[in-house]
There are 2 protein chains.
Amino acid sequence: MSGMRDLWQSSSVLLTVDLVILTLREDRLHVLLVERGHEPHQGAFSLPGGFLRDRSEDILAAAARELSEEAGLDAGTLHLEQLAVYGDPGRDPRGRVVSVAHLAIAPRLPEPVAGTDAADARWTPVDQVLDTSLPLAFDHLRIVIDGVERACAKLESTALATAFCGPTFTLSELQRVYEAVWDTRLDARNFYRKVQGVRGFVIPAGPTRKTEGGRPARLFRAGPTTVLYPPMVRPDRTERGEDQ
Amino acid sequence: MSGMRDLWQSSSVLLTVDLVILTLREDRLHVLLVERGHEPHQGAFSLPGGFLRDRSEDILAAAARELSEEAGLDAGTLHLEQLAVYGDPGRDPRGRVVSVAHLAIAPRLPEPVAGTDAADARWTPVDQVLDTSLPLAFDHLRIVIDGVERACAKLESTALATAFCGPTFTLSELQRVYEAVWDTRLDARNFYRKVQGVRGFVIPAGPTRKTEGGRPARLFRAGPTTVLYPPMVRPDRTERGEDQ
DNA sequence: GGCACTTCTTGTCGATCAGACAAGAAGGTA
DNA sequence: TACCTTCTTGTCTGATCGACAAGAAGTGCC
């Protein structure tokens, strides 16, 4: 067995963090993309992210830092979790670069992008990414696919949907989150009762108003529960079509 | 912005793969552990795993290689998936070592451990690990916790349970998988109908026999479905206990 | 104010599903 | 054959889900 020095020589890798930052804009799911300013893939769009600053930086901390630097968002206020690792040997022409992708959820309508370092960041409808009408650098398409799928899944079993909303929200706002992420339509009346039937999902926050045009809605905040019981099941998509 | 050379100097890391290999032995969930032969944590138990062999090795391939080298199991025959990344800066005294943990599921009763390189590997009941009566090296306790939780969750929504069984199995064998992983009891009669109600979960494999002592059971093989619809929901654990 | 309009909230109803349990089927063994 | 074990099929009851009606509570317009 060779020593540690040989190990470093032969098999150390560079670590990056990449961010799939999702939010809702005009009731559609958007992801934050940046235009790359230099090679490789200069001019193409990619997920925000970057290299570990130094060997002592924690990975999640690096993700939070990139969230701030490249997106102008404060990690303390939004949901941030590890998504997966992408380490295919050929994914980056600069050498062996392994990326730890993260999923972040931003509350609705953060300004199009703060006037920060990364003014070239823009919210893009995920549809445009998923149908490949807007190609991404590296393997970032796959990362977005996985991130959106993770979000879809966690909407069912966890309180992640509240992360798309502000500190208080109405139930129809919450419903629009589900509809946008799942790309489906839900019955407002059943949704209303279902959400309130989940223990600790949402708790009333004053009998206040907020909507416009119709009857004012009650406000809620996120409850203490992180895993939903019973879960919010998304409607069957296969629709009796002889599976396969 | 500094060049690539500085980046490598300052922030490259060593990558390892670690394996949470689960199986069923005597109807209890077990995880494969190895006794460490050298520092750090010499003599302690840890998950099987090791460093990336070289810079060109794919991560999943490295996991498959360790599966073979350290556990004597063939990655082609069993379920193997990425679990998560553990990269806390202080987790390994040898320097910045980032581990990509994987979850593997072995069919029931692979021999206690083949007479391979790692003869010091042994199947250990996960209870003993989770209640910390058997301490693990590094942050491997956390990795085991996350791996078991992942297995529990995927039993609900995917056909992962069949990976615990051989190529053919009876429904009561499958039931014992659920009972062991979830640590719960299920009604055999309802389970029987429920499993068969899930489209493409299991398909009959000859009206053969297999069990002993009672009426022979029908044999099944895993079906084409990977995501279960409707899902197998695990019984509510909170049991009307004023949530908290 | 009265009226139309919007959206929120509560009710109801039938189909479907989950969990409890009875009973029959199909082998082994004394 | 009598019994034991385990598998498989039925049935029943209460809970849940999705469709939809109807009432509640605001805004804006005449």
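As the structure is a prediction and not an experimental result, all values here were calculated from the model. First the proteins, then the strands, lettered A, B, ... as listed; each starts at 1.
Side-chain contact annotation: A:Asp146 with A:Tyr86, donor-acceptor N/O pair under 3.5 Å present.
You'll find the side chain of B:Ser46 stays beyond 4.5 Å of the side chain of B:Leu136, heavy atoms only. With a 4.5 Å cut-off on side-chain heavy atoms, A:Leu80 and A:Leu19 count as touching. Looking at A:Trp123 and A:Thr23, their side chains come closer than 4.5 Å, going by heavy atoms from C-beta outward. Between B:Glu66 and B:His102, the closest side-chain pair of non-hydrogen atoms is not below 4.5 Å. Between B:Pro230 and A:Val233 there is no side-chain heavy-atom pair separated by less than 4.5 Å.
At a non-hydrogen distance threshold of 4.0 Å, B:Arg189, B:Tyr192, B:Arg193 from residues 187-197 of chain B come into contact with DNA chain D.
Among the heavy atoms of the strands, none lies under 4.0 Å from A:Thr170.
Between the CG atom of A:Leu186 and the P atom of D:dC20 there is a distance of 15 Å, rounded to whole Å. Nucleotide D:dG18 holds its P atom 15 Å from the CZ atom of A:Arg185, rounded to whole Å.
Of all the heavy atoms in B:Phe169 and B:Thr162, the pair that sits closest is CZ-CG2, 3.8 Å. Considering every non-hydrogen atom in both B:Leu228 and B:Met232, the closest pair reads CD1-CG, 3.7 Å. Between B:Thr168 and B:Ala205, the shortest heavy-atom contact is CG2-CB, 4.3 Å.
Where B:Glu173 and A:Pro216 meet DNA chain D, the nucleotide closest to each residue was compared, and B:Glu173 sits on the side nearer the 5' end.
Distance check, rounded to the nearest 0.5 Å: CG of A:Leu78 to CD1 of A:Ile21 gives 8.0 Å. The line from CG of A:Leu186 to CZ of A:Arg234 is 11.5 Å long, rounded to the nearest 0.5 Å.
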Any protein N or O atoms within reach of nucleotides 27-30 of chain D? Criterion: under 3.5 Å, listing atom names and distances.
none

List every contact pair, protein side and nucleotides 12-15 of chain D side both N or O, where the distance is under 3.5 Å.
none

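Chain A approaches DNA chain C over the interval C:dT6 to C:dT12, counting the first and last nucleotide 5' to 3' with an atom under 4.0 Å from its heavy atoms.
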Name each donor-acceptor pair under 3.5 Å that joins a side chain in residues 28-35 of chain B to protein atoms two or more places apart or in another chain, with its distance.
residue, atom, partner, partner atom, Å
B:Arg28, NH2, B:Asp127, OD2, 3.1
B:His30, ND1, B:Arg28, O, 2.8

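B:Ala161 pairs by the side chain to side chain contact (heavy atoms under 4.5 Å, CB included) definition with B:Leu155, B:Leu174, B:Val177, B:Tyr178, not counting sequence neighbours.
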